[in-house]
Amino acid sequence: MQIFYTPDIAIKPELPEEEAGHCIRVLRLGEGDEIVLTDGQGSFYKAAISRAHPKHCEVTLLESWKQPDLWNFNLHIAIAPTKNMDRMEWFVEKATEIGINAITCLNCRFSERKEIKPIRLEKILVSAMKQSQKATLPALEGMTDFKKFVATPFDGRKFIAHCEEGEKPLLKHTYQPGENALILIGPEGDFSPEEIKLAQENGFEPISLGESRLRTETAALVACHTIHVLNQ
């Protein structure tokens with residue numbers, strides 16, 4: 001099923017220019033052809049192309065329906081972006097395919113990357129959402145100061161995965177199915193001792209993702225997948 005992302009479809013029955021170009025130029029669809037759209041807010045729409053223009057592809061809505069919830073919890077991963085953005089993009093893509101509600105890019109003391117271009121990551125989110133046939137686009141928050149972020153309220157369990165010594169139960173042994181989860185994943189140089197202390201003072205529980213030392217993007221994906229497996 002080919003899905004087109006149309007965030008404003010409820011008020012503007014037209015495909016965005018990039019989606020229109022793919023629909024008309026690449027797929028060579030024409031007037032009268034039926035397509036499936038999503039607004040990224042949980043709804044699908046069936047529509048018929050009424051004007052086949054590669055920049056202004058207008059449609060007539062035929063029906064709409066809400067996609068049933070694919071999971072019954074809220075999963076938010078806050079991650080320090082990797083120096084090599086290809087690895088960060090890989091995580092964003094795979095986490096969206098598996099299922100995630102929100103991703104925040106953390107600016108930590110030892111972060112190798114202090115700036116990102118959200119537009120590129122947003123495109124990857126959209127592509128992965130469509131490819132995995134989901135109707136809800138994960139929220140993406142650009143570079144956010146660590147201290148500010150950990151002080152932000154969250155309705156659920158809060159975890160921090162770090163490499164310092166100390167008692168750290170495995171995520172699978174402390175998380176309970178159905179709970180909302182916010183998980184902090186640090187940079188390659190790990191969180192600083194001060195950041196770990198601050199996170200714990202704000203209610204974050206130290207956890208382990210296993211015996212192996214994982215790359216940042218691998219750790220984040222393991223956390224995402226573990227939560228889903230525990231909820232199956």
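All residue numbers in this chain count up from 1 along the given sequence. Keep in mind that what you see is a predicted model, and the values were worked out from it rather than measured.
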Is the closest basic N to carboxylate O distance between E58 and R51 below 4.0 Å?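 Salt bridge between E58 and R51, a charged N being under 4.0 Å from a carboxylate O: yes.
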
What I want to find out is whether R109 reaches E195 closely enough, with some N-O distance under 4.0 Å, to be called a salt bridge.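 No, R109 and E195 are not salt-bridged.
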
Contact check, side chains of [X] and [Y], non-hydrogen atoms, under 4.5 Å:
{"X": "L170", "Y": "T226", "value": "no"}
{"X": "L121", "Y": "E89", "value": "yes"}
{"X": "C105", "Y": "M88", "value": "yes"}
{"X": "C23", "Y": "I49", "value": "yes"}
{"X": "I24", "Y": "H53", "value": "no"}
{"X": "C57", "Y": "E19", "value": "no"}
{"X": "H22", "Y": "F4", "value": "yes"}
{"X": "W71", "Y": "N101", "value": "yes"}

Is there a path of hydrophobic side-chain contacts, each under 4.5 Å between heavy atoms, that joins [X] and [Y]?
{"X": "Y45", "Y": "I35", "result": "yes"}
{"X": "V222", "Y": "I103", "result": "yes"}
{"X": "F44", "Y": "V59", "result": "no"}

Find the distance between [atom1] ([X]) and [atom2] ([Y]) and round it off to the nearest 0.5 Å.
{"X": "I207", "Y": "H162", "atom1": "CD1", "atom2": "NE2", "value": "8.5 Å"}
{"X": "E122", "Y": "S127", "atom1": "CD", "atom2": "OG", "value": "13.5 Å"}
{"X": "K94", "Y": "H225", "atom1": "NZ", "atom2": "NE2", "value": "13.0 Å"}
{"X": "L171", "Y": "L209", "atom1": "CG", "atom2": "CG", "value": "6.0 Å"}
{"X": "C108", "Y": "R113", "atom1": "SG", "atom2": "CZ", "value": "14.0 Å"}
{"X": "I124", "Y": "I119", "atom1": "CD1", "atom2": "CD1", "value": "12.5 Å"}

[X] atom [atom1], over 12 foreign heavy atoms within 6.0 Å:
{"X": "K168", "atom1": "NZ", "answer": "yes"}
{"X": "D86", "atom1": "CG", "answer": "yes"}
{"X": "E201", "atom1": "CD", "answer": "yes"}
{"X": "K114", "atom1": "NZ", "answer": "yes"}

Under a 3.5 Å threshold, yes or no: a donor from one side chain and an acceptor from the other, between T82 and R215?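 Note: T82 and R215 side chains miss the donor-acceptor criterion.
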
Quick one: which of E217, E93, E112 gives a salt bridge (Lys or Arg N to Asp or Glu O under 4.0 Å) with R87?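 By the salt bridge (Lys or Arg N to Asp or Glu O under 4.0 Å) criterion, R87 pairs with just one of E217, E93, E112: E217.
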
Please assess I100 against I227 for the test side chain to side chain contact (heavy atoms under 4.5 Å, CB included), listing each intermediate value before the final yes or no. CA-CA 10 Å; I100 194 167; I227 296 297; over 6 Å; no

For T136 and L70, what are the C-alpha separation, side-chain angles and deciding distance, and is it a side chain to side chain contact (heavy atoms under 4.5 Å, CB included)? CA-CA 10 Å; T136 301; L70 300 179; over 6 Å; no

Under 4.5 Å side-chain heavy-atom separation, chaining through any Ile, Leu, Val, Met, Phe, Trp or Tyr, what else clusters with F154? Say none if it is isolated.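 F154 shares its hydrophobic cluster with L106, F146, F149, V150, I160, L182, L184, F191, I196, L198, F204.
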
Minimum heavy-atom distance I77-F91, with the two atoms named: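 What the structure gives for the nearest pair is CG2-CZ, 4.0 Å.
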
Ignoring hydrogens, what is the shortest heavy-atom contact between P138 and L125? Give both atom names and the distance.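 Taking every non-hydrogen atom into account, O-CD1, 3.9 Å.
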
For the pair Y175 and F73, name the ring-plane relationship: parallel under 30°, tilted 30 to 60°, perpendicular over 60°.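 Y175 and F73: perpendicular rings.
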
In sequence, state the C-alpha distance, the side-chain angles, and the governing distance for K123 and E18, and then conclude on side chain to side chain contact (heavy atoms under 4.5 Å, CB included). CA-CA 11 Å; K123 288 183 177 180; E18 186 171 339; 3.9 Å; yes

Tell me, with the steps shown, if I116 and M85 meet side chain to side chain contact (heavy atoms under 4.5 Å, CB included). CA-CA 8 Å; I116 63 166; M85 278 303 290; 4.3 Å; yes

